[in-house]
Asks: 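One structure coming up, written as structure tokens, with questions to follow.
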Amino acid sequence: MKALNADLHCHSIWSDGMLSPAEVVQRAHANGVTLLALTDHDELSGLPAARAAADELGLRFIDGVEISISWGDDQTVHILGLNIDPANAALQAGLQKVRSGRDARAADIAAELDKVGIHGAYEGALRYAGNPAMISRAHFARYIVAQGHAKDTPTVFDHWLAKGKPGYVAHAWATLEDSVAWIVGAGGTAVIAHPARYRLSKAQRREMFGAFREVGGRGIEVLSGTQSLDEAQEFAGVCREFGFLASCGSDFHGPGESWMDLGKLPALPEGLTPVWAQWG
Ligand code: AMP
Ligand code: MN
Ligand code: MN
Ligand code: MN
């Protein structure tokens with residue numbers, strides 16, 4: 001039997017990805033993925049088309065979402081909801097509320113960028129957003145690259161969009177408690193996305209893991225396209241210590257832009273319980 005190739009974290013044009021849901025599924029299948037979740041930021045609209053495409057290919061598909069939350073002192077953290085019911089009304093209403101702050105934030109980001117010589121960024125970013133309700137820093141980054149101000153999107157974050165840079169605007173996303181409650185209420189499994197990516201000390205990270213487990217969080221991403229193999233070993237230890245399920249995802253956004261393509265992760269470290277073990 002062919003080994004399971006799970007990729008439980010990626011994006012489509014419904015948030016800040018560059019491919020349609022069907023294109024994401026087709027690419028995942030071509031790359032050998034056998035268990036796929038689409039996890040657009042704060043948005044469920046891509047799921048029906050992704051599931052239809054996956055059904056056509058005989059690829060096992062998991063409904064997912066990546067919820068933006070605020071944690072501690074203006075730290076944005078991403079919580080994955082995996083195997084959720086996309087028809088759940090409380091989840092839909094919660095996500096709608098999270099999305100509703102994005103447009104005003106985008107206008108504020110554009111005003112800050114204007115002051116440092118990057119003009120027309122609101123309209124510019126909007127041109128890259130397949131879903132205007134989900135206008136994101138990733139869309140600003142693409143516009144700024146296209147304007148010739150930087151060679152690639154990571155450089156744009158380093159110079160303008162990361163916390164502490166001139167185009168960064170603080171924002172209150174959902175709370176940890178609410179995000180997990182929406183996910184669990186929709187029958188899903190809550191997983192902390194790319195735990196290495198947050199600017200937290202090890203002690204703060206442990207505090208986050210504890211608080212997450214306290215409110216019903218079940219797993220963490222041990223493998224992510226944005227994490228090193230050393231970090232995977234560290235998070236394998238966290239899984240054992242906190243009793244977390246282990247998840248893995250590329251965090252693919254688009255060809256040529258992402259840290260990793262769909263389906264290219266190594267196997268999970270031995271001895272962990274994968275998040276899909278409890279999905280039957
Ligand atoms: P937002 O939700 O609008 O704050 O945008 C966050 C998104 O920007 C993330 O989901 C990533 O897709 C992208 N992003 C964040 N940091 C970086 C970075 N350093 N380099 C490239 N893309 C990034
Ligand atoms: Mn993203
Ligand atoms: Mn993320
Ligand atoms: Mn992501």
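Counting starts at 1 for both ligands and their atoms, following the listed order. Note that these values count all heavy atoms, side chains included, but never hydrogens, waters or copies made by symmetry. Just so you know, these numbers come straight off a predicted model, no measurement behind them.
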Asks: Identify, for atom 6 (C) of ligand 1, the protein heavy atom at the shortest distance, and state residue, atom and that distance.
Replies: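 Ranked first by proximity to atom 6 (C) of ligand 1 is Arg137 NH2, 3.9 Å.
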Asks: Does Gln75, at its CD atom, have more than 12 non-hydrogen atoms belonging to other residues, nucleotides or ligands within less than 6.0 Å?
Replies: yes
Asks: Looking only at distances, please establish whether an N/O atom of ligand 1 is found under 3.5 Å from an N/O atom of Trp173.
Replies: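 In fact, backbone or side chain, Trp173 has no N or O that close.
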Asks: Would you say Ser15's side chain and His41's backbone share a donor-acceptor pair under 3.5 angstrom?
Replies: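 Answer holds: yes.
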Asks: Counting only N and O atoms by type, is there a donor-acceptor contact under 3.5 Å from the side chain of Thr39 to the main-chain atoms of Cys10?
Replies: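 Yes, Thr39 side chain to Cys10 backbone: donor-acceptor pair under 3.5 Å.
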Asks: In Asp16, which N, O or S atom comes closest to the Mn ion (ligand 2)?
Replies: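 Nearest to the Mn ion (ligand 2) within Asp16's N, O and S set: OD2.
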Asks: Students should be able to answer this: which protein heavy-atom is nearest to atom 7 (C) of ligand 1, and at what distance?
Replies: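 I find the closest protein heavy atom is Asp16 OD2, 3.6 Å.
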Asks: Any carboxylate oxygen within less than 4.0 angstrom of a Lys/Arg side-chain nitrogen, looking at Asp261 and Arg27?
Replies: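 The answer is yes: the pair qualifies as a salt bridge.
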Asks: Decide if atom NZ of Lys97 counts as having more than 12 heavy atoms of other residues, nucleotides or ligands within a radius under 6.0 Å.
Replies: no
Asks: Protein N, O or S atoms less than 2.8 Å from the Mn ion (ligand 4), ignoring waters?
Replies: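 Short answer, with waters excluded from the count: His9 NE2, His11 NE2, Glu66 OE1, Asp251 OD1.
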Asks: Distance-only, no hydrogens or angles: does the Gln227 side chain make a donor-acceptor pair with backbone N or O of Ala196 under 3.5 Å?
Replies: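 It does hold such a pair.
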Asks: I'd like to know if the side chain of Ser250 pairs up with that of Asp7 as donor and acceptor (distance under 3.5 Å, no hydrogens or angles considered).
Replies: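 Distance-only check passes for Ser250 and Asp7.
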Asks: So is there a nitrogen or oxygen of Thr153 less than 3.5 Å from a nitrogen or oxygen in ligand 1?
Replies: no
Asks: Could you tell me whether His78 and ligand 1 have an N or O pair separated by under 3.5 Å?
Replies: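 The answer is no, given that His78 and ligand 1 share no N or O pair closer than 3.5 Å.
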Asks: Nearest protein heavy-atom contact for atom 14 (N) of ligand 1: which residue, which atom, what distance?
Replies: Phe157 CZ, 3.2 Å
Asks: Counting non-hydrogen protein atoms only, what is the nearest one to atom 12 (O) of ligand 1? Give residue, atom name and distance.
Replies: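 Checked against all protein heavy atoms, atom 12 (O) of ligand 1 sits closest to His253 NE2, 2.9 Å.
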Asks: Just by distance, no angles: are the side chains of Thr226 and Asp251 close enough, under 3.5 Å, to form a donor-acceptor pair?
Replies: no
Asks: Please write down residue, atom name and distance for the protein heavy atom closest to atom 2 (O) of ligand 1.
Replies: Arg102 NH2, 3.0 Å
Asks: Return yes if some donor-acceptor pair links the side-chain N/O of Tyr198 with the main-chain N/O of His78 below 3.5 Å, else return no.
Replies: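 Looks like yes, one N/O pair under 3.5 Å.
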Asks: Considering only heavy atoms of Pro154, which atoms of ligand 1 have at least one such atom less than 4.0 Å away?
Replies: 20 (N)
Asks: Within ligand 1, which atoms have a heavy atom of Arg105 less than 4.0 Å away?
Replies: 1 (P), 3 (O), 4 (O)
Asks: Is the shortest N/O to N/O distance between Arg197 and ligand 1 below 3.5 Å?
Replies: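 Among all N and O atoms of Arg197, none is under 3.5 Å from an N or O of ligand 1.
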Asks: Does His41 reach ligand 1 with a nitrogen or oxygen that is under 3.5 Å from one of the ligand's nitrogen or oxygen atoms?
Replies: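 Such a contact does occur with ligand 1.
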Asks: Salt bridge or not between Asp42 and Arg102? Use side-chain N to carboxylate O under 4.0 Å.
Replies: yes
Asks: Give me the ring orientation class for His11 and His9: parallel if the planes are under 30° apart, tilted from 30 to 60°, perpendicular past 60°.
Replies: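 Perpendicular: the ring planes of His11 and His9 meet at over 60°.
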Asks: Counting non-hydrogen protein atoms only, what is the nearest one to atom 5 (O) of ligand 1? Give residue, atom name and distance.
Replies: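 It is Ser136 OG, 3.4 Å.
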Asks: How about Thr175 and Trp71: does a side-chain donor come under 3.5 Å of a side-chain acceptor?
Replies: no
Asks: Give the table of side-chain donor-acceptor pairs shorter than 3.5 Å for residues 43-57, with sequence neighbours excluded, one pair per line with atom names and distance.
Replies:
| from | atom 1 | to | atom 2 | distance (Å) |
| --- | --- | --- | --- | --- |
| Glu43 | OE1 | Asn131 | ND2 | 2.8 |
| Glu43 | OE2 | Ser45 | N | 3.0 |
| Glu43 | OE2 | Ser45 | OG | 2.6 |
| Arg51 | NH2 | Phe61 | O | 3.2 |
| Arg51 | NH2 | Asp63 | OD2 | 3.0 |

